[in-house]
Amino acid sequence: MSRFDEKDSANHPREQEPAFNRLIEADLSRRGFLKGVGAASMVAFFAASPVAQAVAAATRPLLGFQAVPASVADTIVVPPGYKAEVLIAWGDALFPDAPAFAQGNDAKAQARQFGDNNDGMSFFPLGPDRALLAVNNEYTNYEYLFEDGGKTLSAEAVAKAQAAHGVSLVELVRIDGKWQANPKGALNRRITATTPMTLSGPAAGHALLKTQADPEGRTALGTFNNCANGQTPWGTYLTCEENFNGYFGSEGKPELDQRAARYGLAAEDAGFGWHRFDERFDLAKHPQEPHRFGWVVEIDPRDPASTPKKRTALGRFKHENAAFTINQDGRAVVYLGDDERGEHIYRFVSKNRVAPGNDPANRDLLDEGTLYVARFEAREGELKGTGQWLPLVHGEHGLTRENGFADQGEVLIFAREAATRLGATTMDRPEWVAVHPHRAEVYCTLTNNKNRGIKENQPLDGANPRAENPYGQII
């Protein structure tokens with residue numbers, strides 16, 4: 001999901017979407033549940049609960065709920081037999097010492113409260129009636145975040161906005177059959193735009209990642225515009241940095257080359273104003289700070305003292321989600337979409353195999369392996385076709401020093417440019433990728449592309465057959 005995705009819309013954030021800044025728990029009435037109607041709708045969210053056990057025994061091929069009509073009403077509509085309740089909302093306390101929500105809360109308070117505008121999330125069971133929920137807080141709406149609607153920014157206001165971004169981890173407890181947020185949970189945590197993180201993998205320590213504040217190029221501050229997510233079998237959470245470019249800008253005249261433009265970086269930001277009060281977001285003063293964003297971040301949700309890791313082996317682009325599976329040979333595979341018009345679909349394959357049941361041995365599997373990009377070879381008008389996964393490996397297929405890639409770190413930092421060099425297929429905004437649980441099939445939702453069939457580098461083809469595609473497709 002994109003708050004903004006191209007320069008022409010960068011300064012027009014999407015209108016407030018109430019469903020995204022509070023979590024809604026949908027449940028069946030007791031009578032409806034006992035009849036087995038619609039029980040499967042809870043499987044994905046509460047996978048370890050008795051509901052899942054009930055679903056396993058169900059025989060109905062469909063979920064069984066009555067469809068709701070299309071609506072533009074500013075409310076949550078659920079089918080008959082269901083109800084919707086707020087599980088947790090922006091500004092709710094995550095810790096006993098956190099203040100109650102108030103629009104005038106400062107940055108310190110926001111850092112102790114649930115973050116803003118939810119996107120991808122994962123559910124981690126901790127027992128039959130206890131769980132941990134990891135939730136992305138993708139962006140903020142200044143008209144609601146600040147009492148003056150963001151008309152007058154300050155260093156304190158920017159700090160509050162940064163504290164509302166990132167990830168919220170909140171413990172849940174089930175009491176009398178109802179899940180509730182537990183502000184006293186020992187695993188509760190806020191990860192924000194200023195939380196220290198380790199840069200790991202092939203690009204860690206690279207000259208392009210070094211800054212004045214981090215001359216070693218191994219410690220980044222924060223994560224933001226976290227779109228969707230992934231979950232590993234060793235119990236960690238993958239959060240994906242998407243439209244990071246909109247947070248950078250400059251009052252001066254930054255020297256921005258073609259590589260910066262490929263990632264949407266410009267002197268004019270998307271209206272956040274961070275560069276005016278937090279110098280590291282000023283492109284003229286710190287031109288390499290953007291290289292430290294656009295990664296997949298791995299978080300250990302069961303260790304509040306752990307340091308999140310930006311896994312550079314998975315490439316730098318506008319990550320939508322991270323669809324995880326284990327291949328037949330035992331290696332970890334992560335499918336990745338770059339959510340912008342004319343960008344690509346990727347996959348990462350780990351060098352080493354997953355060690356079942358040995359979580360410590362698996363913790364750094366995502367630091368070594370090969371990143372591939374997809375090239376589809378179906379012709380226009382064909383519904384089926386072939387394709388290739390092209391490896392983004394330094395020294396191969398033109399990814400050489402002579403072509404601007406000094407080493408593997410540079411290939412990954414500028415993965416978009418490397419993909420173009422390999423001849424990867426430009427796609428209609430790769431949004432969400434999902435792996436079939438039982439068959440060797442992967443699906444990607446492509447959102448739209450007003451440039452398809454118009455721009456020379458985005459021609460019609462078998463994978464993207466619609467000109468000026470406003471509706472998208474599934475591949």
Side-chain angles (χ1 to χ4, degrees), residues 1-6 8-29 32 38 41-42 44-45 63 65-94 100-105 109-110 113-121 123 133 135-151 157 160-161 163-168 170 172 178-181 224-229 242-243 246 270-272 320-321 339 429 431-432 445 447-448 470-472:
M1 182 171 300
S2 304
R3 180 177 186 273
F4 50 87
D5 55 73
E6 285 197 346
D8 61 1
S9 61
N11 296 311
H12 301 281
R14 68 184 178 202
E15 295 180 1
Q16 173 74 353
E17 299 175 61
F20 290 103
N21 65 1
R22 61 185 188 272
L23 286 183
I24 304 297
E25 177 186 0
D27 204 349
L28 287 162
S29 66
S41 65
M42 297 292 285
F45 194 62
L63 298 182
F65 59 80
Q66 180 178 328
V68 298
S71 172
V72 295
D74 185 9
T75 188
I76 302 297
V77 179
V78 295
Y82 289 76
K83 61 181 179 179
E85 298 176 339
V86 175
L87 178 64
I88 191 168
W90 163 50
D92 282 356
L94 281 186
F101 169 79
Q103 194 177 31
N105 283 153
Q110 177 64 79
Q113 297 168 329
F114 191 76
D116 201 3
N117 280 300
N118 310 321
D119 205 301
M121 64 189 75
F123 182 85
L133 190 66
V135 186
N136 287 348
N137 303 122
E138 187 176 6
Y139 64 97
T140 56
N141 296 97
Y142 280 9
E143 61 267 39
Y144 304 112
L145 187 69
F146 304 118
E147 289 181 298
D148 69 349
K151 295 177 182 178
K160 180 182 178 181
H165 282 72
V167 178
S168 295
V170 56
L172 306 179
K178 180 180 177 180
W179 288 97
Q180 303 173 29
F224 43 84
N225 209 262
N226 301 77
C227 197
N229 60 306
E242 192 185 21
N243 292 301
F272 293 105
E320 173 67 28
N321 76 317
D339 189 3
R429 278 191 60 200
E431 186 97 10
W432 191 280
T445 53
T447 313
N448 57 56
Y471 303 115

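Computed from heavy atoms alone, side chains included, the values below leave out hydrogens, waters and symmetry copies.
- Annotation: the span from Tyr139 atom OH to Asp116 atom CG amounts to 8.0 Å, rounded to 0.5 Å.
- Closest of all the heavy-atom pairs between Trp179 and Leu87 is O-CD1, 3.6 Å.
- Scanning both residues, Ala161 and Phe146, for their nearest heavy atoms gives CB-CZ, 4.3 Å.
- Summarising the geometry, atom CG belonging to Asp339 is positioned 4.0 Å from atom CZ belonging to Arg429; distances are rounded to the nearest 0.5 Å.
- Of all non-hydrogen atoms in Ala100 and Gln113, the two that sit nearest each other are O-NE2, 3.7 Å.
- Side chains of Pro470 and Asn448 form no contact here, defined as non-hydrogen atoms less than 4.5 Å apart.
- Here CG of Asn229 is found 9.5 Å from CD of Glu320. Values are rounded to the nearest 0.5 Å.
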Steps toward side chain to side chain donor-acceptor pair (under 3.5 Å) verdict (Glu431, Thr447)
CA-CA 6 Å; Glu431 186 97 10; Thr447 313; 2.7 Å; yes
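- Annotation for Leu172 and Ala181: closest pair CD2-CA, 3.9 Å, computed over non-hydrogen atoms.
- Between the side chains of Gln110 and Trp90, at least one donor-acceptor pair of N or O atoms lies under 3.5 Å.
- For the side-chain contact (heavy atoms from CB on, under 4.5 Å) with Glu138, the lone residue among Asn118, Asn225, Asn226 that qualifies is Asn225.
- Summarising the geometry of Thr140 relative to Phe272, their closest heavy-atom pair is OG1-CE2, 4.2 Å, with the distance given to 0.1 Å.
- Taken to the nearest 0.5 Å, the OG1 atom of Thr445 stands 8.0 Å off from the CG atom of Asn321.
- Using modelled atom types, one side-chain atom of Lys160 and one backbone atom of Leu145 make a donor-acceptor pair closer than 3.5 Å.
- The CD atom of Gln103 sits 5.5 Å away from the CD atom of Glu147 when rounded to the nearest 0.5 Å.
- Between Tyr144 atom OH and Asn117 atom CG the span is 10.0 Å, to the nearest 0.5 Å.
- The side-chain hydrogen bond (donor to acceptor under 3.5 Å, both in side chains) search around Ser168 returns Asn137, Arg190, not counting sequence neighbours.
- The minimum heavy-atom distance linking Cys227 with Glu242 is given by the pair SG-OE1, 3.2 Å.
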